[in-house]
Amino acid sequence: MPELPEVEMARMLVQDRLNGKRVASLQVKDHKMLTNGSERTMREAFIGRSVGDAHRHGKNLLVRIGDDHLFIHLGMSGSLHLVDDRETTPHERLRLGLDEGALVLDDPRRFGRFGLYHRLEDLLTERDLGPDALTMSDKVFVSQMAGRRGSIKPLLLDQSLIAGVGNLYADETLFQEHLHPATKADTIPEANMARLGKRVRKVLEASISVRTEFSRLPEGFLLRDRREGAACPRCSTELAAIRIGGRTTILCPECQSLRTKP
DNA sequence: GTTTTTGTTTAAAG
DNA sequence: TCTTTAAACAAAAA
Ligand SMILES: [Zn+2]
């Protein structure tokens, strides 16, 4: 469950249920997913300390524990669960034991990552992350896109430009802005680019406000039925599937026209 | 058996 | 230096 709104759900879970609890144990179940620090340094930093605030930057989760942070990225199929002491999940990759219960990272595909970071700034530098897509200003968005000549969708997906937008929300955003995903960024007027930045935030906020349950999104949202052959919520034309930046892209051929050739 | 997938990283080529 | 494409990672669902 892994784009910005889904990670925000995970952040809220940790913030609401783990804050103030003491860490009793830590087990790395998959060492290939450990990306910064080691099991030993994580244990030294976290065990016996209490959990502080949970932060999110883009799709990255940082949980303050003692004087350091536990870093978690959910990858393509990761999810966080609070479980009882003896309970496990089918694909447990990291287990953070508390005095009572545990926080488990479950991830069947193992594209997720976790580790130890001292500060948020270290994470941003190390992983080359741009400004957070939910909290950025229009101005920042415009300046991040300035000078780029590639297609707009891959730019939205580039975490070093804007952190947090993934394949699904990129499609939703471009659909709502009537923009073809292959539109070259340098052909988009500045005012329209600012509107696009605003739309990115709106879409992410809308998903968060329905706890990322797509069926509860307002009418007119592509994500309610994002499928090749489904009816465009706006004009009922059959939605098309194309490939852009190596990712499957669903769009309405009528609403999202391309003025110039891609 | 084949294809596809809410992500990221690396290499290669233009 | 920038852009584009492909592959790799790995598992499960269609
Ligand atoms: Zn349409």
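Throughout, a chain's letter reflects where its sequence line sits, starting with A, and its residues are numbered from 1. Note: hydrogens, waters and symmetry copies are ignored here, and every other heavy atom, side chains too, is used.
In A:E87, the CD atom is crowded: over 12 heavy atoms of neighbouring residues, nucleotides or ligands sit closer than 6.0 Å.
As rounded to whole Å, 17 Å separates atom P of C:dA14 from atom CD of A:E228. The NE2-C1' distance, from A:H57 to B:dT8, rounds to 16 Å in whole Å. Spacing between atom CZ of A:R227 and atom P of B:dT6 amounts to 15 Å, rounded to whole angstrom units. Note: CE (A:M33) to P (C:dA11) measures 11 Å, nearest angstrom. A:L74 places its CG atom 19 Å from the P atom of C:dA10, with the value rounded to the nearest Å. Here the P atom of nucleotide B:dT3 and the CZ atom of A:R243 are 12 Å apart, to the nearest Å. Atom pair A:L217:CG and B:dT6:P shows a separation of 16 Å (rounding to whole Å applied). The distance from atom CG of A:L157 to atom C1' of B:dT5 is 14 Å, rounded to the nearest whole Å.
The phosphate of C:dA10 has neither OP1 nor OP2 within less than 4.0 Å of any side-chain N or O from A:H91. The side chain of A:K184 places an N or O atom within less than 4.0 Å of a non-bridging phosphate oxygen (OP1 or OP2) of C:dT4. Taking only side-chain nitrogens and oxygens, A:Q159 never comes nearer than 4.0 Å to OP1 or OP2 of B:dG7. Between A:H73 and B:dG7 there is no side-chain N or O to OP1 or OP2 distance below 4.0 Å. Contact check, A:K59 against B:dG7: a side-chain N or O comes under 4.0 Å of OP1 or OP2. The phosphate of C:dA12 (OP1 or OP2) has no side-chain N or O of A:S77 nearer than 4.0 angstrom. Checking the phosphate oxygens (OP1, OP2) of B:dG7, a side-chain nitrogen or oxygen of A:R247 falls inside 4.0 Å.
If you check the side chains of A:D107 and A:H91, you find no donor sitting under 3.5 Å from an acceptor. In this model, no donor atom of one side chain and acceptor atom of the other lie less than 3.5 Å apart for A:S50 and A:K21.
Checking B:dT6, C:dA10, B:dT5 against the side-chain heavy atoms of A:E3 singles out B:dT6 as nearest. Here the side chain of A:P108 is nearest to one of C:dA12, B:dG7, B:dT5, namely C:dA12. Looking at the side chain of A:R226, the nearest of the listed nucleotides B:dT6, B:dT9, C:dA10 is B:dT6.
Remark: B:dT6 base-pairs with no nucleotide in the shown strands. Criterion, Watson-Crick or G-U wobble with two distances under 3.5 Å. Applying the Watson-Crick and G-U wobble criteria (two distances, each under 3.5 Å), B:dG1 pairs with nothing in any strand.
For the pairing with A:R95, the side-chain contact (heavy atoms from CB on, under 4.5 Å) check across A:L26, A:V83, A:T89, A:D106 returns one residue only, A:V83.
In terms of polar N and O atoms assigned as donor or acceptor, the side chain of A:R148 never comes within less than 3.5 Å of the base of C:dT3 in a complementary pairing. On a pure distance criterion of 3.5 Å, no polar donor-acceptor pair joins the side chain of A:R110 and the base of C:dA10.
Counting any heavy atom pair closer than 4.0 Å across all strands shown, A:R113 reaches no nucleic acid atom. Counting non-hydrogen atoms under 4.0 angstrom, A:G246 reaches nothing in the nucleic acid.
Annotation: C:dT1 and B:dT8 have their P atoms spaced 24 Å apart (nearest Å). Atom P of B:dT4 sits at a distance of 13 Å from the matching atom of C:dA6, rounded to the whole Å.
In this structure, A:F111 counts as stacked on the base of C:dC9 under the 5.5 Å centre distance and 30° plane angle limits.
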Exercise for the section: Could you go through the side chain to side chain contact (heavy atoms under 4.5 Å, CB included) check for A:N19 and A:D53 one step at a time? Expected result: CA-CA 6 Å; A:N19 203 302; A:D53 289 328; 3.1 Å; yes

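Checked for salt-bridge contact, A:D138 and A:K198 meet the test: a charged N lies under 4.0 Å from a carboxylate O.
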